[in-house]
Amino acid sequence: MTDPAEPMINFSVHQARAGAAGAPEDFEQMLALLVQATSGEANLVFANPGDWGIDVLVGDLHGQVSIWQAKYFIRGVGESQRRQIEHSLRSALNAASADGHRIARWVLCIPSSMDAPTTRWWHRWRTERQRDVPRIELWDETELRRLLLQPAAAHVRRHYYNPYRQDRASEESTPGVRPLPAPEEESAWRPGAEHRLGGAVHLLHEGTTEQSAPDRSWTWRETTADRIEPDIGRVRLRQLHVHRPMPAAEQRRAALRAQAALLARLGGRCGLPRLLDVVERAESITLVTSLPPGRPWTEVFGPGPIPVDRLTTADVLTAAVDLCTGLRALHERGHSHRAISPEGIMVDRQRCYLRDVGLAAVPAGPGEGDGRYRAPEQHRRPYAVDGRTDVYQLAAVVYHTVTGHPPAGNLTPPVRATLADFPEPLDQALRRALDEDPERRPATIQALADALRSGRRELSQPRPDQPWPDLHPGRAG
């Protein structure tokens, strides 16, 4: 009989918590902790151009290694997914050959099951590849659940699949550890709920994002809400909820206070949101800021799967130049945003705004922001981040939006490989901004803004001899 205290393991929660774009990374981070709990020491290798086909690593890249490859195939494995699996192992083998290490074990991890034809393919392919890797394994949803239900993995199971209920197995296997009380505010952070902060009442929207510390000492969450009492307006809520007063939690609390002080000094200038309220309690601190007008960049520009037309490209460059004003204000005060993404940018006719100040004042750490736009230095310890990190991220958003595919570090093809009429000087500036070495990027966000502005002017000149095709008319309106 199943113990009613056991949490249900639903792998879809990665997507519910982190969204479609963030779910693969959330799954990878869970896997790193699971491997660490069940197989010993493990390192999470963040995706980078040419990441060697590694998500989780045990061993020494100068010797023999075991590799876990995470693929968040929540709907099963089809032909496209098979090609991705084959490519991942090929990348790992090529890197091993070039770098001199040896792969002793390669484990594919998927949160779903294979159907009969795919299972036959897997067994045949695995047998063929075992001449290169002696031990190839599959951790599908059944095996992942089995491992997560082991007592050694109780903290992983609780953190990712039922973070606020202490199950009996964990209590029995960890003498002296008492269950954490359920936070009083947790139930309020659901769409449609009314949430009281200070003297105001807010109606929460869909799309709450949440991040928890590995040791469960704190939870960081953000959402959009309508303030319905005493006045009316749309706002953004950013909250740190402290479950245990550990040093990391107190450091985060101090960072949110610093964000509040920064916003208060800026006073809503430079296209940044206005600080409306700071509500601090013993267990939490919440910032309430104005939500800039307009629609998210994703609704206005994309990125979509195909390149944009000339008119839309000019609008993208205009919007990106506008963003540089707010980023420059942060940089001048010694902070960097470090979490620039299309979801965090608001576009209102000819104006563009940052929805919030991102990770300004927050200590740098692994897994910052959207993985598609994360700068290379955000993957490397020590995390040497500064304004040039924002230069990379903004250039990455522009590049992805214009070309229809995200950048790939130093392997990024020029925009002109996709759009032959794209201004060459701006193409070169974007390539420099996307350089893996921050020292080779434009030194300031203003330098990038100047290049974007110049490119926009060139695009505005009529070129009847080489018009771009109108791939999706009206998209930018």
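With salt bridges taken as basic N to acidic carboxylate O contacts below 4.0 Å, one links D437 and R440. Ion pairing between R441 and E377 holds under the 4.0 Å rule for side-chain N and carboxylate O. By the 4.0 Å N-to-carboxylate-O rule, D390 lies too far from R338 to be salt-bridged with it. Looking at R374 and E368, no side-chain N of the basic residue comes within less than 4.0 Å of a carboxylate O on the acidic one, giving no salt bridge. Under a 4.0 Å N-O distance rule, the pair R234/D226 qualifies as a salt bridge.
For the pair L287 and A260, the tightest heavy-atom approach, listed with the atom from each and the gap, is CD2-N, 3.8 Å. Taking both residues in full, the closest heavy atoms of L448 and P442 are given as N-CB, 4.4 Å, listed atom of the first, atom of the second, then distance. Shown here for S336 and D386, the closest heavy-atom pair between the two residues is CB-O, 3.5 Å. When all heavy atoms are compared, the tightest approach of W106 to Q69 is CZ2-CB, 3.8 Å. Between L434 and P407, the shortest heavy-atom contact is CD1-CB, 3.8 Å. Taking all atoms of both residues into account, the shortest heavy-atom contact from L144 to I110 is CD1-O, 3.4 Å.
Distance check: T223 OG1 to E210 CD gives 10.5 Å after rounding to the nearest 0.5 Å. The distance from the OG1 atom of T444 to the CZ atom of R388 is 11.0 Å, given to the nearest 0.5 Å. Residue C352 holds its SG atom at 3.5 Å from CG of L323, rounded to the nearest 0.5 Å. Here the straight-line distance linking atom CG of L203 with atom CD1 of I232 works out to 11.5 Å at 0.5 Å rounding. A distance of 11.5 Å separates CG in L327 from OG1 in T389, rounded to the nearest 0.5 Å. Atom OG1 in T286 sits 8.0 Å away from atom CG in L256 (nearest 0.5 Å).
Two residues are said to be in side-chain contact when any heavy atoms from C-beta on lie closer than 4.5 Å; V415 and T403 meet this criterion. At least one side-chain heavy atom of I9 sits less than 4.5 Å from a side-chain heavy atom of L149. Counting only heavy atoms from C-beta outward, the side chains of T224 and V235 never approach each other to under 4.5 Å. Taking 4.5 Å as the limit, some side-chain heavy atom of V278 sits within range of a side-chain heavy atom of L275. At least one side-chain heavy atom of V316 sits under 4.5 Å from a side-chain heavy atom of V402. Within the 4.5 Å cutoff, the side chain of L330 has heavy atoms near those of the L262 side chain. Counting heavy atoms from C-beta outward, L204 and L237 have side chains that approach closer than 4.5 Å. Proximity of L34 to W68: side-chain heavy atoms (C-beta onward) are nowhere separated by under 4.5 Å.
Listed by chain and number, the residues in a side-chain hydrogen bond (donor to acceptor under 3.5 Å, both in side chains) with R453 are D450 (sequence neighbours excluded). A search for ring-ring contact (aromatic ring centres under 6.0 Å, His included) contacts involving H400 returns Y373, not counting sequence neighbours. By the ring-ring contact (aromatic ring centres under 6.0 Å, His included) test, Y399 pairs with H405, sequence neighbours left out. Shown here are the side-chain hydrogen bond (donor to acceptor under 3.5 Å, both in side chains) partners of E141, two or more places apart in sequence or in another chain: S113, R145. For R372, the salt bridge (Lys or Arg N to Asp or Glu O under 4.0 Å) criterion is met by E343, D370, not counting sequence neighbours. Scored by the salt bridge (Lys or Arg N to Asp or Glu O under 4.0 Å) test, R257 finds E280 as partners (sequence neighbours excluded). Every salt bridge (Lys or Arg N to Asp or Glu O under 4.0 Å) that R82 has, sequence neighbours left out, goes to E79. Contacts of R328 classified as side-chain hydrogen bond (donor to acceptor under 3.5 Å, both in side chains), with partners at least two apart in sequence or in another chain: Q446. For T142, there are no side-chain hydrogen bond (donor to acceptor under 3.5 Å, both in side chains) partners, not counting sequence neighbours. Under the rule for a ring-ring contact (aromatic ring centres under 6.0 Å, His included), W220 has no partner lying at least two apart in sequence or in another chain. Residues passing the ring-ring contact (aromatic ring centres under 6.0 Å, His included) test with F11, sequence neighbours excluded: Y161.
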Check: Going through the distances and angles, do L272 and L354 end up as a side chain to side chain contact (heavy atoms under 4.5 Å, CB included)?
Finding: CA-CA 6 Å; L272 293 170; L354 290 166; 3.8 Å; yes
Check: After noting the C-alpha distance and the side-chain angles of R238 and Q259, does the key distance pass the side chain to side chain donor-acceptor pair (under 3.5 Å) rule?
Finding: CA-CA 10 Å; R238 312 187 88 197; Q259 278 199 2; 2.8 Å; yes
Note to self: One pair to check against side chain to side chain donor-acceptor pair (under 3.5 Å): Q378 and Q393. What are the steps and the verdict?
What the structure shows: CA-CA 11 Å; Q378 292 180 284; Q393 291 192 342; 2.9 Å; yes
Next item on the list: I would like to know whether V35 and W139 meet side chain to side chain contact (heavy atoms under 4.5 Å, CB included); could you show each step before the answer?
Entry: CA-CA 11 Å; V35 173; W139 286 10; 4.0 Å; yes
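In this structure a side-chain-to-backbone donor-acceptor pair under 3.5 Å is present from S290 to R274. S284 contributes no side-chain N or O that, together with a main-chain N or O of R281, makes up a donor-acceptor pair within less than 3.5 Å. In this structure a side-chain-to-backbone donor-acceptor pair under 3.5 Å is missing from E299 to P296. Between the S112 side chain and the F73 main chain, a donor and an acceptor come within less than 3.5 Å of each other. At distances below 3.5 Å, not a single donor-acceptor pair connects side-chain atoms of H202 with backbone N or O atoms of V288. Distance alone, capped at 3.5 Å, places no donor-acceptor pair between the R252 side chain and the A248 backbone. The backbone N or O of V397 lies less than 3.5 Å from a partner atom in the side chain of T401, making a donor-acceptor pair. Looking only at distances, a side-chain donor or acceptor of D140 sits under 3.5 Å from a matching main-chain atom of E143.
Checked against W218 for a side chain to side chain contact (heavy atoms under 4.5 Å, CB included), the options Q251, Q211, E250 give a single hit: Q211.
Classified by interplanar angle (parallel below 30°, tilted 30° to 60°, perpendicular above 60°), the ring pair Y72/H14 is perpendicular.
Screening residues 252-297 for ring-ring contact (aromatic ring centres under 6.0 Å, His included), with sequence neighbours left out, gives W297-F301.
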